[in-house]
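In each ligand, atom 1 is the first atom listed, and ligand 1 is the first ligand listed. The first residue in the sequence is number 1, and the count goes up from there.
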Amino acid sequence: MKDTVLVTGGTGFIGSHTTVELQQAGYNVVIVDNLSNSNADVLDGIEKITGIRPAFEKVDCCDMKALEAVFEKYNGIKGIIHFAASKAVGESVEKPLMYYRNNLNSLINLLELMPKYGVKGIIFSSSCTVYGQPDAENLPVTESAPIKKAESPYGNTKQVNEEIIQDYVNSGAPIKSIILRYFNPIGSHPTAYIGELPNGVPANLIPYLTQTAAGIRECLTVFGDNYNTPDGSCIRDYIYVVDLAKAHVCAMARILDGKAEEPVEIFNIGTGHGVSVLELINSFERATGVKLNYKIGERRAGDIEAIWGNVDKANKVLGWSANTPLDEVLLSAWNWQKHLVK
Ligand code: UD1
């Protein structure tokens with residue numbers, strides 16, 4: 001058995017997939033989650049896949065006392081992967097203080113506890129949202145591209161959290177950190193035992209698309225076809241959640257095996273390819289054989305025209321790459337949607 005890793009937000013979409021990959025790589029996982037946007041049944045799904053039920057504590061990372069009790073109880077936590085955060089862009093505009101309180105306090109609490117309990121490193125879930133709309137000459141975007149002023153309180157919490165980690169480590173704290181800037185995570189585990197569980201009407205493309213295909217929503221609206229892109233729709237770098245989960249295992253091993261070269265390292269985690277909304281719809285129809293009801297609508301306020309990542313650094317330094325074909329990824333999202341409807 002390898003080291004014990006604490007996964008905050010481990011019953012969420014990316015957290016649950018990462019727990020599976022960590023367990024399959026031999027790590028012992030302890031999950032903390034306040035279940036504000038997920039549900040404890042996810043633990044059954046994880047256990048069905050790996051044969052191991054992860055330890056679980058229903059704890060809010062903003063609650064310092066309860067969080068510290070977890071470190072006391074599971075003596076010997078060596079690494080943390082911190083997913084627990086509020087993540088809806090629109091909601092963050094309406095409830096900024098909730099976003100700042102949740103997303104900043106939880107990280108600060110974890111950082112404060114790390115030296116006391118001998119935790120060596122923390123992997124932080126950041127986002128390509130920190131780049132805003134990169135200038136055309138900066139696409140695909142590298143880790144050294146300028147950070148743009150955040151478009152939302154959610155985006156700002158990602159930027160500020162990155163700075164908090166940098167400042168704390170620079171102050172001489174005896175910890176290391178790897179910051180992963182995700183592009184657009186999509187898809188589900190191939191078993192369809194775990195996947196994305198959107199709350200209410202989905203704001204993100206894939207859950208809206210699969211719910212439309214399943215007849216739960218009437219029609220998918222493509223937000224604009226008059227952008228300066230080859231087919232006029234927006235371009236993103238859609239990364240398969242299982243590939244993304246594996247990047248966390250590589251990053252954790254890099255810290256725990258003492259291979260990290262800098263105290264804080266930053267990696268883009270994407271495929272390196274941009275795909276437009278219309279291309280994605282075509283790919284979904286091809287992969288699943290399901291005809292999608294969609295229409296072209298107005299642009300969505302705040303949307304970025306085109307962004308995709310340069311992932312050379314993650315490929316070379318982390319020894320990781322995303323290699324699942326998009327059709328397969330979309331089929332996994334569809335299989336999960338069908339599983340939900342059952
Ligand atoms: C947003 C966040 C990102 C976060 C991601 C996943 C910003 C700027 N972006 O990304 O940080 O990591 O969510 O939670 O904060 N679209 C449609 N119709 C729909 C829904 C979406 O055409 O019904 C289009 C959008 O215009 C966009 C693409 O699909 O071009 C992807 O949208 P979405 O899934 O919401 O993700 P992002 O906005 O890219």
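Looking only at distances, no side-chain donor or acceptor of W308 sits under 3.5 Å from a matching main-chain atom of V275. In this structure, the side chain of H82 does not engage the main chain of T8 through any donor-acceptor pair within 3.5 Å.
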List below, pair by pair, the N or O atoms of ligand 1 and of the protein that are less than 3.5 Å apart, including the distance to 0.1 Å; reply 'none' if no pair qualifies.
{"residue": "ligand 1", "atom": "11 (O)", "partner": "S127", "partner atom": "OG", "Å": "3.1"}
{"residue": "ligand 1", "atom": "13 (O)", "partner": "N204", "partner atom": "ND2", "Å": "3.2"}
{"residue": "ligand 1", "atom": "15 (O)", "partner": "T129", "partner atom": "OG1", "Å": "3.3"}
{"residue": "ligand 1", "atom": "18 (N)", "partner": "T221", "partner atom": "O", "Å": "2.7"}
{"residue": "ligand 1", "atom": "22 (O)", "partner": "T221", "partner atom": "O", "Å": "3.4"}
{"residue": "ligand 1", "atom": "22 (O)", "partner": "F223", "partner atom": "N", "Å": "2.9"}
{"residue": "ligand 1", "atom": "26 (O)", "partner": "D303", "partner atom": "OD2", "Å": "2.5"}
{"residue": "ligand 1", "atom": "32 (O)", "partner": "R300", "partner atom": "NH2", "Å": "3.4"}
{"residue": "ligand 1", "atom": "34 (O)", "partner": "N204", "partner atom": "ND2", "Å": "3.3"}
{"residue": "ligand 1", "atom": "34 (O)", "partner": "L205", "partner atom": "N", "Å": "2.9"}
{"residue": "ligand 1", "atom": "35 (O)", "partner": "N204", "partner atom": "ND2", "Å": "3.1"}
{"residue": "ligand 1", "atom": "35 (O)", "partner": "R300", "partner atom": "NH1", "Å": "3.3"}
{"residue": "ligand 1", "atom": "35 (O)", "partner": "R300", "partner atom": "NH2", "Å": "2.9"}
{"residue": "ligand 1", "atom": "36 (O)", "partner": "N184", "partner atom": "ND2", "Å": "3.2"}
{"residue": "ligand 1", "atom": "38 (O)", "partner": "R300", "partner atom": "NH2", "Å": "2.9"}
{"residue": "ligand 1", "atom": "39 (O)", "partner": "N184", "partner atom": "ND2", "Å": "2.9"}
{"residue": "ligand 1", "atom": "39 (O)", "partner": "R236", "partner atom": "NE", "Å": "2.5"}

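Within 6.0 Å of CZ on R299 lie more than 12 heavy atoms contributed by other residues, nucleotides or ligands.
Evaluation of the side chain to side chain contact (heavy atoms under 4.5 Å, CB included) rule for Q23 yields T19, V29, I46, T50, I52, P54 as partners, not counting sequence neighbours. In this structure N34 satisfies the side chain to side chain contact (heavy atoms under 4.5 Å, CB included) test together with S36, D60, sequence neighbours excluded.
Applying the 4.5 Å side-chain rule to ILVMFWY residues, one finds M98, Y99, Y154 in the same cluster as V89.
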